[in-house]
Amino acid sequence: MGKRVVIALGGNAILRPNQEATYENQLKNVQISSDLIANVKKAGHKVIVTHGNGPQVGNILRQNEEAKAVVPALPIDVCSAESQGFIGYMMEQTLKNALQLSGETAGVVTLVTETEVDPADSAFQNPTKPIGVFFTEEESKQLVAEKNWTMGEDAGRGYRRLVPSPKPIKIHGVEAIKTLIEQNQIVICAGGGGIPVIRNQQNLLEGVEAVIDKDRSALTLSEQTDADVFMILTDVPNVYLNYGKPDQLKLEEVALADAERYMSEGHFADGSMGPKMEAAIAFAAGGKEAIICSLDEAVAALAGHAGTRIVPNK
Ligand code: ADP
Ligand code: MG
C-alpha cells in the first residue's frame, strides 16, 4: 500500500551555492529533483512536495529594491507569493515531463499557499531573520527612520533588513491538498514556508512581512495532512553525531528518545540540521516516521534502506 508522503526539498535542489541564479541553472537542478520525486510517485506513494525559497525570494526582493524608482516595491508577502509561483511552475512542468516520459498518468498541481501565524507570536517583537539586499550603515539608518524597518549587521557583509520568523499554526488549503492526492495528483504547496498571513481584529486574513521557516512549515503541513511519512531531503545522505569531526557517526534508524538526547547534546547545528531534527522529532512524537536523507536516496530511504530515520519509541 502506498504511503502518504510529505517531501520537503532544501534550497540546493533549486540552486547550488556559488551557482548563478539564471533560469537555466535553476531549471536544470529542478529537473534532477523532479526525476527523483517522480520515482517516489512511481513507487506507489501519494506525494505532497514543499520547498525552500531563500535565494529566489532574496533576488525578487532585490529586483524590487533596485527598480523601485520605476515600479513601486512590493511587500515581502507578495514577493513570497511570486517565488511560490516561479518555483512551483518549474517543479510542476519538470514533474509532469518526468511522469509522462515514464508512462505515468499522475497529474501535478501547484497551490499558492497561505500559512497562518499568530499575530501575538513573540517573534514579531524580535525580528531575527536577515533577508534581501545589503545596505551601508548610512542607508540602514535611513530605512529605520523612513520605513520603521529593523536592520542588523550580517556577518561583516553589511546591513540587512531583519524580519520576524513566527511559528506556522495553520496551512491553508489542507482539505484541497488531501483531496488532490487521492485523485492521483502530486501537490506542490507551502513553498518557502508559505505566505505569512494573520487574522486581523476583524478576524479577516491579511499578509504580514515575515518569513516562515521551511522545516517548521513542512512539519505543520505533514501533521495537518495526516502524512504517514515526513521526508526532509537535503544535501547530506544522513544525519551524523559529531558531524565534521574525525569520529563522526552516521545515524540510520534512531528511536525518538535517542534523537531527543542527541539534540540536547548539541549535535545538530542551529540554522541547518537543528531545525530539521527538531521538526523530525516533533513528527515522530506523533507516532510516525520522519526521514532525513539526500534527494537521490529518497526511494531507498522510504523502503528503510538509506537515510536517517527517526522512529517512535518501541
Ligand atoms: P537545506 O537547504 O536543505 O535546508 P541546510 O544547509 O540548511 O540545507 O542544512 C543541511 C546542512 O546541515 C548540511 O549540508 C550540513 O552541512 C549541516 N549539518 C549540520 N549539522 C549536521 C549533522 N549533525 N549531520 C549532518 N549535517 C549537518
Ligand atoms: Mg536550511
Side-chain angles (χ1 to χ4, degrees), residues 5-19 21 25-26 29-30 32-34 36-37 40 48-59 80 83-84 87 90-91 115 128-131 154-155 165 168 188 190-194 211-222 230-256 258-284 290-298 301 306-310:
V5 185
V6 167
I7 297 180
L9 285 176
N12 268 297
I14 309 168
L15 189 67
R16 309 224 162 88
N18 310 321
Q19 254 185 343
N25 281 343
Q26 297 183 80
N29 294 332
V30 169
I32 295 167
S33 325
S34 288
L36 296 160
I37 293 168
V40 178
I48 300 169
V49 183
T50 186
H51 57 83
N53 72 343
Q56 292 73 27
V57 78
N59 286 339
S80 167
S83 78
Q84 282 188 11
I87 298 168
M90 291 192 294
M91 287 189 169
T115 299
T128 51
K129 177 90 185 151
I131 56 150
D154 189 351
S165 187
I188 302 162
V211 168
I212 300 167
D213 178 71
K214 174 244 342 172
D215 296 315
R216 272 186 183 168
S217 62
L219 166 67
T220 309
L221 177 67
S222 304
F230 172 31
M231 298 192 87
I232 302 178
L233 304 191
T234 185
D235 56 355
V236 281
N238 288 83
V239 183
Y240 300 85
L241 299 183
N242 304 317
Y243 180 65
K245 300 189 186 135
D247 60 343
Q248 84 172 17
L249 187 74
K250 176 161 91 173
L251 296 175
E252 292 176 320
E253 187 175 296
V254 190
L256 174 62
D258 292 326
E260 284 169 331
R261 193 178 73 247
Y262 301 146
M263 185 89 197
S264 69
E265 290 169 356
H267 286 282
F268 316 122
D270 285 349
S272 60
M273 196 48 77
K276 295 185 204 313
M277 277 302 276
E278 207 177 293
I281 285 171
F283 188 76
I291 299 173
I292 301 174
C293 67
S294 65
L295 194 59
D296 53 334
E297 292 190 327
T308 296
R309 302 180 308 284
I310 294 96

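Atoms within a ligand are numbered from 1 in the order they appear, just like the ligands themselves.
Legend: residues meeting salt bridge (Lys or Arg N to Asp or Glu O under 4.0 Å) with Arg16, ordered by chain and number and at least two apart, are absent. Take Asp235 and apply the salt bridge (Lys or Arg N to Asp or Glu O under 4.0 Å) test, not counting sequence neighbours, and it matches no residue.
If you look at Tyr240 next to ligand 1, the close heavy atoms, those under 4.0 Å, come from the backbone and the side chain alike. Using a 4.0 Å cut-off between heavy atoms, Lys276 contacts ligand 1 through its side chain alone, with no backbone atom that close.
Proximity of Lys214 to ligand 1 is established by a heavy-atom distance of less than 4.0 Å. Residue-ligand proximity: Pro275 is placed with every non-hydrogen atom at 4.0 Å or more from ligand 1. Proximity of Asn238 to ligand 1 is established by a heavy-atom distance of less than 4.0 Å.
Close contacts between ligand 1 and Gly271 involve ligand atoms 7 (O) [criterion: under 4.0 Å to a heavy atom]. Residue Gly10 has at least one heavy-atom neighbour below 4.0 Å for each of these atoms of ligand 1: 1 (P), 2 (O), 3 (O). Taking every non-hydrogen atom of Asp235 and a distance limit under 4.0 Å, the qualifying atoms of ligand 1 come out as 10 (C), 11 (C), 13 (C), 14 (O). Short contacts between ligand 1 and Ala269, defined as distances under 4.0 Å to a heavy atom of the residue, involve ligand atoms 19 (C), 20 (N). Interface atoms of ligand 1 facing His267, defined by a heavy-atom separation under 4.0 Å, are 23 (N).
At least one N/O-N/O distance between Gly11 and ligand 1 falls below 3.5 Å. Annotation: Tyr243 places an N or O atom under 3.5 Å from an N or O atom of ligand 1; distance criterion only.
Panel note: side chain Ser83, backbone Gln56; no donor-acceptor pair is recorded below 3.5 Å. Checking side-chain atoms of Ser165 against main-chain N and O of Val211 turns up a donor-acceptor pair under 3.5 Å.
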Q | Test side chain to side chain contact (heavy atoms under 4.5 Å, CB included) applied to Leu9 and Leu295, step by step | A | CA-CA 8 Å; Leu9 285 176; Leu295 194 59; 3.4 Å; yes
Q: Under the side chain to side chain contact (heavy atoms under 4.5 Å, CB included) rule, what do Asn29 and Ile14 come out as? Steps first, then yes or no, please.
A: CA-CA 5 Å; Asn29 294 332; Ile14 309 168; 5.6 Å; no
Q | His267 vs Met277, side chain to side chain contact (heavy atoms under 4.5 Å, CB included): CA-CA, chis, key distance, verdict | A | CA-CA 10 Å; His267 286 282; Met277 277 302 276; over 6 Å; no
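Applying the 6.0 Å contact sphere to CG of Asp247 captures more than 12 heavy atoms from other residues, nucleotides or ligands.
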